[in-house]
Each structure stands twice: as structure tokens, then as C-alpha cells.
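Every chain is numbered from 1, with letters handed out A, B, ... down the list of sequences. What you see is a predicted model, and the numbers here were worked out from it, not measured in a lab.
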Number of protein chains: 2
Amino acid sequence: MKLNERHLMQLAAVLDAGGVSEGAAMLGLTQPAVSRSLAMLEARVGEPLFIKGRRPLQATALGGQLAVQGRAIISASRRASDVVQGFVRGTTGQVRVGGVPFFIDAMISRMIGEFLNLEPGITVQQAYMNLPELAAGLEAHQIDLGIVPIGALELGSRFVFTEILPGRNIVACRPGHPLMRKRPLEAGDLTRYPWVAPLPGSPLMSDLQMILMSIGMSDLNIRYSGGSLMSVVHVLAETDALAVLPFSVVFAQRQDNRIVVLPYDIPQPNRSLGILRLTTAARNPAVERFSGYIISAFDDLKHVIRRHERSVIWGAGPESES
Amino acid sequence: MKLNERHLMQLAAVLDAGGVSEGAAMLGLTQPAVSRSLAMLEARVGEPLFIKGRRPLQATALGGQLAVQGRAIISASRRASDVVQGFVRGTTGQVRVGGVPFFIDAMISRMIGEFLNLEPGITVQQAYMNLPELAAGLEAHQIDLGIVPIGALELGSRFVFTEILPGRNIVACRPGHPLMRKRPLEAGDLTRYPWVAPLPGSPLMSDLQMILMSIGMSDLNIRYSGGSLMSVVHVLAETDALAVLPFSVVFAQRQDNRIVVLPYDIPQPNRSLGILRLTTAARNPAVERFSGYIISAFDDLKHVIRRHERSVIWGAGPESES
DNA sequence: CGCACAGTATAGCACTATGGCATGAAGCTG
DNA sequence: CAGCTTCATGCCATAGTGCTATACTGTGCG
């Protein structure tokens, strides 16, 4: 006994409106059209759905039960329309973000919070991942965008990369660290202190290797590894340990004054932090709003970051941009 | 942006099945039909719903969200079909019963319990009401059937009445009541004891008036009134009070041995207990199952009741039916 | 690289359902 | 009983739906 969903909707509308004419008007149809639909439904069911000759129109037990389902269909249909509306306007939907842990924790999660306030209809689903999983996730359409440091042209043309910050690394330590007062700083100084290693697999890990090579040491005294950003900051603040961190991460912590930049020049990776997306991705206004918000937020921050960078590393005051 | 519900259902089926062909088969349609429906939906939405060239077929964010609504529509439609199936078979639905309190409490509620066990898909909604409200409720289609004592042809042809028991009244008292040992019993004896009056408006109330007239008294010493059957039985059992009750009510309490029939002949009302229904009521198999069950249950009980009636009132032992 | 295969889209055609307009039928009200 | 409101019916146009046949596209294999 397959029933026509359209008929069920009309039944519900008519019962809710209290009459065929009213129900038809509510649906934007004419009375005869609805009247005939109901007759068809009644014929297919083989049982009366209405108690005849009553105002307002009254349903039989069966009619009432079917109307419940009709209402469910109507509301599902309305929700579907709302989904589409929200989608084209970018005011509804889901943004699935993947990103490297420290950068997400230091800067992006804060912006996500602001974004969620601006766009109450959008939900953000975030996962921690490094470049290989991220590229795979994008290709499998499991995430919509990734926030990663990436070298120019590192990936094929299937991806489009939007830079949001230069990927500048520094060595971080607690304020008042003994090395902060030592001039000049030499490579050997760095190896005399314990180190905090970043998460395995993260870009920072290979950066650390690069630094090791540049100062001609085979290994460091790594006393702590595997922690999230918050854990790393705590460890740095409580000990004399050192860590390689993106400058932006230290920047984000500037208010707390728990970690500072050690003014020692380390080799810089040739890459930028940015947003990675599929070239072929389906249009998704919610995702576009999100990435647009992140990019503009960093545009606003960029000169502040750069000025801060110079001042904390080289002790230089504010100066005019080149 | 009004979407076609049928399209949404097909979208859901296709995504659940993992392909157009499979989804079409699941719906009992051909692949081209579904393919075209999806193309129409996509055209109306104006956004891609699928990620092309992937097996199993993968939806875009929008496609997935719309499929959720499609699934809701499918399940509502399935429930509607189930409702109809259950209705025509009488295995599902609602039975709205109105009835006089004492009789419902004494006999019908027990049978409702048995019926609910037999028909797990049917729900019974019961209300206490006497004849006038009951007739009005039937005409307003607020109840499906009433269980009342009613005189032959008392109502018009708009109602059909099915007798289930003769409406025989008796005077009830506790076992060991002083009057149980007194022979002969005379009308004056009855007035020397307190009385329990039935619920105002109930048929028993007018029966009580009739008895008063027959024994030539203007009023009785009414000590308790307004109680439900359980309360009345308790009061009768704990005091020497008397009450007019239908014989069937006393019969139903026979196991508890808390009230008995006083062997005093009182004038009998010219009516029967039975089921009252509208002549014009829409067919409702669940209601029919219910009334059928009640009638057959009383058919089974009838000869037991009659035998018991004779024995408890006249002290006669079991005898062959006439 | 091309072939076979599976799966999907398109074309063409027939038919049903749906909707509108005009109009008839029925029930309630004064 | 007249008039009003409301529902049912007849008729026509058209959009949706379904089918078969066929073209297209991506995938895996030799």
C-alpha cells in the first residue's frame, strides 16, 4: 500500500487549516486540485479519511494518523528548502577543517570561535592532521580545507594554496631564561639546555632536524615530547627547556607572557602557513565564508605580527614598513 | 526554493545504496528514471549534489544534508503505509471508549487489559461518562463506542445498541450483614440501615429513586455518596450500609467476598447493559475488534453469571438451564 | 595504449498525475 | 426558500514520470 507523499502533505494541510479551501490556499493551490488529491488518497486507502458534512472539517481516526505523517513530510521538505537557502547564502552548513595542531591551537581555534559567533548557522568540524593525511583527506572529500605550512608548488595542481602567514620559526623559552641575557648566543649554548620536541609527524619536527644539522649536532637532549601546545607552553614556562615554534604561535601567547623568543637566528623553512583546498572542490559558500574570514583576520593581524616579530627578536622598535 | 519530495527520496535512496543503479533498484525504478530525477533536483538547487567520478557515489555537503530530509520523507511515507495496513487489518489504531463508571471498573477494565494483551498495536482511551454525554460524544466523534445501560429504542436510529448483559439491579451489603439472616425481609428493613448512593447522574441514581418509590419512602439515610466502585465496595464491606448495584458488579467481586447480594426483590429497570455505537460511524476495524472482544467475552461469561445470579439471590444450587 | 566493463547520462516516446478554470451539488443560515 | 459558503466534478493543458535504447565516461587489465 504505497501512498503518494504529495497527497499526504495535502491531507495534513487541509486538516490543519480546517477545510479544503483553506488548506489549498495554504499550499498555494486551488481548491479543486486538493479536493481531487484527497479523493485519490481516500480511494487508494479504501477507507474514509473525513467525517462528512462537518465544519470545521474533521478527520477519521485513520485520516488523523495519516496527517501526522503528512506533517512530517511537509516539515522535512521545508527543512530541505532551508538547507538549500542557507547553503547558497553561505549562512548554513558545515565546514570541515584539518590543520596542524600547534597553529590551530594558537591562532585558528580563536578565530573559529569568532567565526561561530558571526555565523550562527554554520558548524565547524575540526581535526588535527599533518600534510600527508590532510592532502589525502581533501582528495577523499573528508575535509573541506586544511590549515598547514606548505612549500611553494609542493603539491600538484589538484590543490590550491592561499598563504596567510610566512612560516617563520624561532626558538622559544621562558622569559628570564639564562640564555636571554647571554650575548653573543652561540650554537653550543642551545645544546646545553633540555629541549621540548614537537608532535611526531608535524612540520616542526623536520624543522628541528634542520636546525640540528645547521648547528652541527647529531641530537639534542629531548626531555619532553608529544604534548599539545598548551602542554608545551606549560613545560617551557616552568623549566629552562627550549623549543622550536612558529613565530605566530609565540605571538599568539604574547599576552600571557609565559614564553618568549630567544634572539638566535635559526635556518628558516621555505614555506608559508596557509589554507589548502582542492582545485576541483564543489562550491561551498559556508567553506568560502570560513576561509575568507580566516584570511581577512590574518590580513588584519599581519602588520601587527611583523612589527612584533622584529621587536621581540631584534629588540628594534616600531619602524616604517619597507 | 520548493523542492520535489520525490526527488529528495530518490537522492536519499541513491546515496544509501551507493549508486544510481542500486538506488533505482531499491526503489523499484530503472536507472535512467532516477538519474533524470537527480539531474532535475540538481538543476533546481543549482549546486552539485554529487562528487563526480567516484565509486561508491559520494555526496557533496549539500547533497548529504538534503538526503537527510529525503530519508525523513521516506520513513514518514513508510509509516503512513504501515498505518493503513494496520488499520485495515485492525491490528493498529486507537479505540476511544466511554462508559458508566461502576460497570467499567467492575468488568470492562479487566477485559480491556486482556484485549490490550491480545492486540499490542491498539491503544484504548477510556473516559467515564453517562448516557447524555456519551451520546453527545458519539455524535461529535469524540468517542468510538460507549458502554452503558440503555432502554430499548431509547435513542433515535442514529445509534445502534448491542446488548451484552441484562441490566439487573440488586441491593448489596457486606457478608454477615444483619439483614442477611432476617426472614422475611420487608421494605421497612431496608430503610433502617444507612445507604450508599451511586454517582450523581448515573443510571443507578434513577434506579435508586425507583426503589424508593416502590417501598413508599420519600428518602433514605444516605451516608456516603460520590465514590468510585472501589470506594463503595470498601464502605459497604466495613459498615452495615446498603447500596443498589448492578448484579454484574457484585458478580465481578465474587472472588473477594467483600460484598454480597441481599435477597430482597427490587423493581428492575427496563434496560440492558450494552455497547452503543453510531449507525453512521466510519468503519474502524480496531473498534470492531474491541467491541467484538467485549461481546464474546460476555457471551462466555453469560451462563456463569446467570447461574451465579440465581444461586446467590435465591439460595438455589446449580440447575439445568431452561 | 587501447580494450572491455561497469556505471551513468541522454534521447525519444507514452502515459499518468497534477493543476487550473468553470461549474455543479450540498449543507448551513437567515 | 434564497443566498452563501464549501466541496465535488468535468474538461483541458502540461509537467512529471517511467520505460527502452543508446551514448558517454571513468576504471582496470593485458
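In this entry the distance linking CG of Leu38(B) with P of dT10(C) reads 11 Å, nearest Å. Summarising the geometry, the separation between CE on Met40(B) and C1' on dG16(D) is reported as 6 Å, rounded to the nearest angstrom. Regarding Gln10(A), its CD atom lies at a distance of 9 Å from the C1' atom of dT18(C), rounded to whole Å. For the pair Gln31(B) CD and dT25(D) P, the computed distance is 15 Å after rounding to whole Å. Separating the CD atom of Glu5(A) from the P atom of dT17(D) is a distance of 11 Å, rounded to the nearest angstrom. Between the C1' atom of dT8(C) and the CG atom of Leu49(B) lies a distance of 15 Å, rounded to the nearest Å. Distance, Glu22(B) CD to dG7(C) C1': 8 Å, rounded to whole Å. Computed from coordinates, the Leu29(B) CG to dG16(D) P distance equals 17 Å when rounded to whole Å.
The closest side-chain heavy-atom distance from Arg289(A) to Leu118(A) is not below 4.5 Å. Inter-residue side-chain proximity for Arg6(A) and Asn4(B) is flagged as met; some heavy-atom pair is nearer than 4.5 Å. Looking only at side-chain heavy atoms (C-beta outward), Ile164(A) and Phe103(A) come within less than 4.5 Å of each other. Side-chain contact between Leu3(A) and Gln69(A): absent, with no pair of heavy atoms (C-beta onward) separated by less than 4.5 Å.
Phosphate proximity of dT18(C) to Asn4(A): present, with a side-chain N or O under 4.0 Å from OP1 or OP2. Contact annotation: His7(A) side-chain N/O to dT18(C) OP1/OP2 distance is under 4.0 Å.
Using a 4.0 Å heavy-atom distance criterion, Glu42(B) is classed as making no nucleic acid contact. Among the heavy atoms of the strands lying under 4.0 Å from Ser21(A) are primed sugar atoms or P, OP1, OP2 only; no base atom is included. Among the protein residues, Gly23(B) comes within range of no part of the nucleic acid, since none of its heavy atoms lies under 4.0 Å from any strand. Using a 4.0 Å heavy-atom criterion, one finds that Arg6(B) contacts the sugar-phosphate atoms exclusively.
Residue side chain Arg36(B) does not reach the base of dG16(D) through any donor-acceptor N/O pair under 3.5 Å, judged by distance alone.
Residue-to-nucleotide proximity on DNA chain D shows that, of Ala39(A) and Val34(B), the 5′-proximal contact is made by Ala39(A). Comparing Thr30(B) and Ser35(A), the nucleotide of DNA chain D nearest to each residue sits closer to the 5' end for Ser35(A).
Residue Pro32(A) has its side chain nearest to dA22(C) when only dT20(D), dA22(C), dC7(D) are considered.
No donor-acceptor distance shorter than 3.5 angstrom exists from the side chain of Ser77(A) to the backbone of Glu5(B), with no hydrogens or angles considered.
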